[in-house]
Amino acid sequence: MISIQKDDIDIGALIQQSRNTHMGAQVVFVGTVRDDGIEAIEFEADRTTAIADLTTIAAEATEKHGLISVDIIHRDGLLQTGETILVIIAGSAHREEGFAGCRYIIEEIKRYVPIWKKDITASGDSRWHD
Amino acid sequence: MISIQKDDIDIGALIQQSRNTHMGAQVVFVGTVRDDGIEAIEFEADRTTAIADLTTIAAEATEKHGLISVDIIHRDGLLQTGETILVIIAGSAHREEGFAGCRYIIEEIKRYVPIWKKDITASGDSRWHD
Amino acid sequence: MRITIRSFARFREIFGTEKLIETDSFASPKTVLSLLCKEKECRDTLFTPDGTLHPHITITLNGRRLSTGETDETTLADGDTLVIYPPVSGG
Amino acid sequence: MRITIRSFARFREIFGTEKLIETDSFASPKTVLSLLCKEKECRDTLFTPDGTLHPHITITLNGRRLSTGETDETTLADGDTLVIYPPVSGG
């Protein structure tokens, strides 16, 4: 499943849905809003292009690392500290491919997928990340 | 949380409990029973020593890789294909530590923690792994 | 011809979510972007002092990313949509 | 003195879950393990033809893992527990 959505992500359900009996490993990356002096982060995405990019990245990760399944869900909108930003699940026969594939996906997302964040502080100030 | 248990693991709940606002990443490894011609795996553990070892490994991973939290739950008993064997959650400020810490933990578990598996085939044959 | 220009995040706050630019036929993306704003601060957001697009900016044409050469040399058609991305920060 | 020997997995099916061995004082773990069974197949599970413990076998004494040297040289005390692990396969 590839999605960009405002709604929170049911990570346990997603892991269960993603699984099949050919897998021996699921490597999951969960990105969360870290409190480094902020109150929240506003995420903005070019959803159409971002979904196309995530679909490409999932296919590349599957091909390069021999994955059995890939799920990528990224949230947009206003997320408070502690909330889930992103969940990636890489399912594979063995752990090596799962770790390599999951890592590939997050690095590619950070490199070029059109999603941006703006920090919101407790005082209401806000600042886009460069 | 460090545990060896017969009961299934509520992965979503565990990820939620493990999280705090100092984290930006949770890297989760889920080991599952893969169907490579088997019906189930019987897991046996020396629970006392295994728990002590997992506690040591969690502390080492925290120290070496700067993790914020570590959870390791390994099941024992009879597990059917598709079932969860193991969940590791490494929580960290940034993704690099989470991936490195989670990987360290699974490799150390495989290296020496006293847990064994016996494959059970559909015909009822069984064989311990060497 | 009419070209739609959309932008996101930091650039949306500068250039607006969506603008229509009327221009001569055969204009390149770079030419159309140079018509987007006249104030120095606004132009400096997109262009270096020697008039090239900042390398960290991504331009898409009808959803496809353009290389630096393509932003200078592609010929736009009526109804095309250009999108301007600031550096991404998702994940 | 009495030493308890416990084993797991494949070894449990060969040696039993738990056995009590009566032996002389000052025996080493290796000596006690050599008393565990007399049949060749059983002995071959633990010992190489030259009489050393197989390197892939782990022995713990009261929960602490022993090095190869320690299995030969440690002096056991009455009530000690030895555990024999085959190679692990968890995770």
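Letters A, B, ... mirror the listed sequences (proteins, then strands); counts begin at 1.
B/Ile15 contributes atom CD1, which lies 4.5 Å from atom CD1 of A/Ile15 (distance to the nearest 0.5 angstrom).
When the heavy atoms of residues 84-100 of chain A are compared with those of chain B, the residues falling under 4.5 Å are A/Thr84, A/Ala93, A/His94, A/Arg95, A/Glu96, A/Phe99, listed by number. Residues of residues 59-83 of chain B that come within less than 4.5 angstrom of chain A, heavy atom to heavy atom, are B/Thr81, B/Gly82, B/Glu83 in numerical order. Proximity to chain A among residues 26-40 of chain B is limited to B/Gln26, B/Val27, B/Val28, B/Phe29, B/Val30, B/Gly31, B/Thr32, B/Val33, B/Arg34, B/Asp35, judged by heavy-atom separations below 4.5 angstrom.
Scored by the salt bridge (charged side-chain N to carboxylate O under 4.0 Å, His left out) test, A/Lys118 finds C/Glu13 as partners (sequence neighbours excluded).
At a 4.5 Å heavy-atom cutoff, the contact between A/Arg19 and chain B is made by side-chain atoms alone.
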